[in-house]
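Data first, discussion second: the structure below is written as structure tokens.
What's counted below: heavy atoms across the whole structure, side chains too, no hydrogens, waters or symmetry copies.
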Amino acid sequence: MNHIFKNLGPATLITAAFIGPGTVTLCSIAGVSFGYQLLWTILVAIAATIFLQEMVMRIGVVSQSSMGEIIRNKINPKGLKVILIFLTISAIVMGNSVYQAGNISGAVLGLETIFSHCYLSMDSLKLNLYPLVVGIVAMALFYVGNYRIIERVLICVVLLMSLSFMVSTIVLMPPIKELLYGLFIPQVPQGSLLTVIGLIGTTVVPYNLFLHAHLSKKKWNNPKNLTHGIWDLMISVSIGGIISLSIMITAAGSNLTSIHDASDLAIGLEPLLGMHAKTLIGFGLFAAGLTSAMTAPLAAAFVTCNCFGWKSSLTSKPFRFVFLIVLAFGVIVSSLDFQLIQVIKFAQVANGVLLPIIVGMILIIINRSDLLGSYVNSRIQNLIGILILLLTTLLSLKSILSVFQFL
């Protein structure tokens, strides 16, 4: 057991990345709007996360290359390489820009819960100043380059908030029959499709798939260590799934009919924490948003530099340029007069829509015997991978049609 915990590492960061403001918000919305009916979505998303992250972990450990490096150096013919680089940049950089808006919106929701609103009005334009504060803090931490201590403190706050949801689930004593029905009987109530896509998008995060390959090759350099990587995945991601389920169950057991701001999110914790629930949710959302606001642009910068062969150090100009572009986009969108809960929800839906592109690329790379030798996918693994690809593609197409009101 000590040996197992000693080898925990990359997947704990992956779990910390998806337990952000999007997870808290989407799981709360799902619980309030549809009760226990969408619990099954979390189980499916966690299973898909473990399966997909295992593949990219295997790619990183066996090939000792990141996904971007493989696309740049190992994919032929040139036409296919160009297409894959274009799709990767589109999915990761553009997707992370949207995701970044959700991250910063989550941090802003936390600040507004603690300190109330802070707007600047210019004629008909109304700007929220908190996103600028979050952006400046994130940029300062990036340029200083030593943000790990602060990041660990923020993660501790997120874990405290998560633990509170888990304890609240036990205190609420949800009806076992409804709980089991929601967990194991898939159902898509009317009006829940975009929420289902969002729940998948906030769990199976596209940039995490690229990040995990990079982290795994740094952690392990021998295929014999793949077992450690699997244990790392199973333990860490399963804990993340329990947290997500706890948030949804807590929200389902509350007396809310809709969620408009972070104060509404805190109501589910009031039976446990009373007047302190609002403060904990505020600090928790701020911490989750700020940590994610750092990792999303960092991941986008790493992927872009790897794909084009640019220097990927924190001090290189291309790296800083991509980081700042993604960060600035998130700050600008969050500053505008949008309902922040909707920005966060849209970001998770966008993640779900982009996911099939990344899954398709992973399936191409994981079956390259010249890269992975005997560690390529088995027939069963390919079958499961294709089923995940088809499912995510179908859900993405349906969500796009829903947005444009074709359904």
Side-chain angles (χ1 to χ4, degrees), residues 11 15 18-51 158-204 231 233-259 262-274 276-278 280-281 284-285 288 345 348 352 384 387-388 391 395:
T15 301
F18 80 72
I19 300 297
T23 295
V24 177
T25 302
L26 261 294
C27 288
S28 297
I29 289 174
V32 167
S33 303
F34 306 104
Y36 305 106
Q37 295 180 82
L38 298 184
L39 290 174
W40 64 272
T41 308
I42 299 297
L43 291 186
V44 171
I46 290 299
T49 298
I50 291 174
F51 183 81
V158 176
L159 290 175
L160 180 61
M161 179 180 66
S162 301
L163 181 62
S164 298
F165 276 111
M166 294 168 68
V167 175
S168 291
T169 299
I170 298 172
V171 172
L172 283 171
M173 297 182 65
I176 299 299
K177 185 177 179 180
E178 291 184 40
L179 208 60
L180 293 176
Y181 192 83
L183 281 169
F184 301 111
I185 306 297
Q187 47 194 317
V188 183
Q190 186 175 2
S192 68
L193 179 62
L194 291 182
T195 303
V196 169
I197 296 289
L199 289 170
I200 293 174
T202 195
T203 307
V204 193
W231 276 108
L233 263 175
M234 295 290 290
I235 294 172
S236 301
V237 177
S238 295
I239 291 173
I242 292 171
I243 292 170
S244 298
L245 289 172
S246 299
I247 295 170
M248 194 184 298
I249 292 168
T250 300
S254 68
N255 296 319
L256 289 172
T257 56
S258 62
I259 291 179
S263 297
D264 293 334
L265 297 176
I267 290 177
L269 294 180
E270 285 183 352
L272 176 67
L273 300 173
H276 301 294
K278 189 174 177 180
L280 179 61
I281 284 289
L285 281 175
K345 184 176 180 180
Q348 313 315 314
I384 296 172
L387 289 175
I388 292 174
L391 176 62
L395 289 174

To the nearest 0.5 Å, what is the distance between [atom1] on [X] and [atom2] on [Y]?
X: I200; Y: T202; atom1: CD1; atom2: OG1; result: 11.5 Å
X: T203; Y: I42; atom1: OG1; atom2: CD1; result: 4.5 Å
X: F34; Y: Q187; atom1: CZ; atom2: CD; result: 11.0 Å
X: L183; Y: L43; atom1: CG; atom2: CG; result: 5.0 Å
X: I197; Y: L395; atom1: CD1; atom2: CG; result: 4.0 Å

query: Who pairs with P186 by side chain to side chain contact (heavy atoms under 4.5 Å, CB included), at least two apart in sequence or on another chain?
result: W40

query: For I384, which residues count as a side chain to side chain contact (heavy atoms under 4.5 Å, CB included) partner, sequence neighbours excluded?
result: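 I384 satisfies side chain to side chain contact (heavy atoms under 4.5 Å, CB included) with F51, I380, I388 only.
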
Considering all heavy atoms of both residues, which atom of [X] and which atom of [Y] are nearest to each other, and what is their separation?
X: V204; Y: A45; value: CG2-O, 3.5 Å
X: A252; Y: Y36; value: CB-CE2, 3.7 Å
X: A30; Y: T195; value: CB-CG2, 3.8 Å
X: I46; Y: F18; value: CD1-CZ, 4.1 Å

field: Sub-4.5 Å side-chain heavy-atom contact between S192 and L38
entry: yes

- prompt: Heavy atoms, side chains only, cut-off 4.5 Å: are T15 and I239 in contact?
  reply: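 Answer no - side chains too far apart.
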
- prompt: So, does S28 use its side chain to make a donor-acceptor pair with the main chain of A251 at under 3.5 Å?
  reply: no

Under 3.5 Å, side-chain donor or acceptor atoms of residues 240-248 against the rest of the protein: list the pairs with distances, not counting sequence neighbours.
from : atom 1 : to   : atom 2 : distance (Å)
S244 : OG     : G240 : O      : 3.2
S246 : OG     : I242 : O      : 2.8

